[in-house]
Asker: 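Take this structure first; my questions come after.
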Amino acid sequence: MNATSSATFYIDRVESPIGQILVVTQADVLCSVDFEGYEDRMMALLKKRYGALNLEEREKTGGICDRIRAYLSGDLHSLDDIPTETGGTAFQQQVWQALRNIPPGSVITYGELAQQIGRPKAVRAVGMTNGLNPIAIVLPCHRVVGANGKLTGYAGGLERKQWLLAHEGVELVVETAEGEGQLSMFG
C-alpha cells in the first residue's frame with residue numbers, strides 16, 4: 001500500500017443491554033469490537049495497526065453481528081471461531097489468542113494467564129496487553145480478574161465487565177468504592 005492509499009474497513013453496530021457495540025471488519029475478518037463512547041480509542045487502535053483507513057457503514061458484516069447477538073441472547077459459544085485480526089506484537093497476539101482458551105462462565109487471574117503463555121513474570125505486561133485488546137467480548141478479556149479474584153480493570157468500563165460476567169453466570173467479589181469486597185452472584 002502506498003502512502004496515499006488507505007484500506008477500507010466496515011463498521012456495523014449491535015444494540016445490547018450494555019450499550020451499542022461497534023463491530024469493525026475487513027474482508028469478513030473481525031478487526032475491532034468496542035463500545036459506544038469509546039470510538040476515539042477504537043479509531044486510535046485501528047490507525048496504529050493499519051495506518052490511514054476508510055471506515056464505511058455496512059450492515060451484517062460477514063454474519064459477525066448476528067453471532068454477537070446470539071452471544072447476547074445466551075449462546076455463549078457463538079463467538080468461538082470468528083476469524084480475527086488483532087495486529088500487535090507477537091507477545092500481544094499471544095496474550096489475546098490465549099483469551100480464547102478461557103471458557104465462558106469462568107475467570108482466571110492475570111497471573112494465571114501469564115503462566116498459560118509461558119511468561120509467569122510478565123503479569124503486568126499481560127494486564128497492560130489485556131487493556132489494549134482491540135476485539136472486546138470475542139477475545140474475552142472480561143474473563144480475567146485480579147489476583148484476589150476481584151473484578152478489576154476493563155477498557156469498556158467495569159459495569160460492562162460486570163454485566164458480561166453476569167451474563168455468563170460468574171460469581172465473584174466486586175470491589176466497592178470503600179475498597180471492601182462484596183460477594184455478588186451475576187446472571
Side-chain angles (χ1 to χ4, degrees), residues 8-39 41-43 45-46 49-50 55-88 92-110 112-113 116-117 126 129-145 151 153-172 174 184-187:
T8 299
F9 292 78
Y10 301 98
I11 186 167
D12 197 1
R13 300 164 197 300
V14 174
E15 297 300 327
S16 83
I18 52 176
Q20 196 173 73
I21 298 170
L22 311 172
V23 179
V24 177
T25 60
Q26 185 183 47
D28 295 333
V29 173
L30 184 59
C31 299
S32 182
V33 173
D34 220 318
F35 301 98
E36 66 182 328
Y38 291 85
E39 292 89 349
R41 173 192 181 282
M42 179 188 76
M43 289 305 297
L45 289 174
L46 285 169
R49 287 161 48 206
Y50 301 105
L55 198 56
E56 295 180 9
E57 297 281 337
R58 178 199 275 179
E59 292 183 18
K60 300 187 181 196
T61 48
I64 293 171
C65 288
D66 292 336
R67 292 173 70 177
I68 292 172
R69 286 184 194 92
Y71 167 83
L72 295 168
S73 296
D75 180 356
L76 301 182
H77 291 283
S78 64
L79 309 176
D80 289 353
D81 60 355
I82 292 175
T84 61
E85 170 53 53
T86 58
Q92 289 172 326
Q93 290 176 28
Q94 185 180 24
V95 171
W96 293 327
Q97 290 309 310
L99 295 171
R100 287 192 131 167
N101 296 326
I102 308 169
S106 63
V107 295
I108 66 171
T109 67
Y110 294 101
E112 290 168 331
L113 184 57
Q116 283 185 9
I117 65 166
V126 165
T129 296
N130 242 25
L132 295 173
N133 177 10
I135 305 177
I137 305 172
V138 175
L139 302 181
C141 56
H142 62 275
R143 297 179 189 151
V144 184
V145 298
L151 189 68
Y154 190 63
L158 280 180
E159 67 287 344
R160 287 188 173 112
K161 183 172 184 168
Q162 182 176 356
W163 188 93
L164 290 164
L165 290 172
H167 177 64
E168 295 180 5
V170 174
E171 182 179 317
L172 64 130
V174 178
S184 296
M185 177 59 181
F186 304 124

Asker: Does Arg49 have any side chain to side chain contact (heavy atoms under 4.5 Å, CB included) partners at least two apart in sequence or in another chain, and if so, which?
Answerer: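 Only Cys31, Leu46, Pro134 meet the side chain to side chain contact (heavy atoms under 4.5 Å, CB included) criterion with Arg49.
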
Asker: Working to the nearest 0.5 angstrom, can you tell me the gap between Gln93 CD and Glu85 CD?
Answerer: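 Going from CD on Gln93 over to CD on Glu85, the span is 7.0 Å.
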
Asker: For residues 101-110, which residue pairs qualify under salt bridge (charged side-chain N to carboxylate O under 4.0 Å, His left out), counting only residues two or more places apart or in two chains?
Answerer: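 Qualifying pairs: none.
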
Asker: Within the structure provided, determine whether Thr84 and Gln97 are in side-chain contact (heavy-atom separation under 4.5 Å).
Answerer: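 Yes - at least one pair of side-chain heavy atoms lies under 4.5 Å apart.
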
Asker: To the closest 0.5 Å, what do you measure between CG (Leu158) and CG (Leu165)?
Answerer: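 Between atom CG of Leu158 and atom CG of Leu165 there are 10.0 Å.
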
Asker: What distance do Glu56 atom CD and Phe9 atom CZ have between them, rounded to the nearest 0.5 Å?
Answerer: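 That separation rounds to 11.5 Å.
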
Asker: What residues, two or more places apart in sequence or in another chain, satisfy side chain to side chain contact (heavy atoms under 4.5 Å, CB included) together with Leu164?
Answerer: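 Side chain to side chain contact (heavy atoms under 4.5 Å, CB included) list for Leu164, sorted by chain: Ile18, Tyr71, Ile137, His142, Tyr154.
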
Asker: Given side chains that start at C-beta, do those of Gln92 and Thr86 come closer than 4.5 Å, heavy atoms only?
Answerer: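 Not in contact.
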
Asker: Can you tell me how far the CG atom of Leu22 sits from the CD1 atom of Ile11, to the nearest 0.5 Å?
Answerer: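 So the gap between those two atoms works out to 5.0 Å.
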
Asker: About how many Å separate CG of Leu55 and CD of Glu39, when rounded to the nearest 0.5 Å?
Answerer: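 Spacing of CD (Glu39) from CG (Leu55) equals 10.5 Å.
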
Asker: Taking the side chain as every heavy atom from C-beta outward, state whether Ile102 and Val107 have any atom pair closer than 4.5 Å.
Answerer: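 Ile102 vs Val107: side chains apart.
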
Asker: Evaluate the side-chain contact (heavy atoms from CB on, under 4.5 Å) criterion for residues Asp12 and Ile64: first the C-alpha distance (whole Å), next the side-chain angles of each, then the deciding distance (0.1 Å), finally the verdict.
Answerer: CA-CA 9 Å; Asp12 197 1; Ile64 293 171; over 6 Å; no

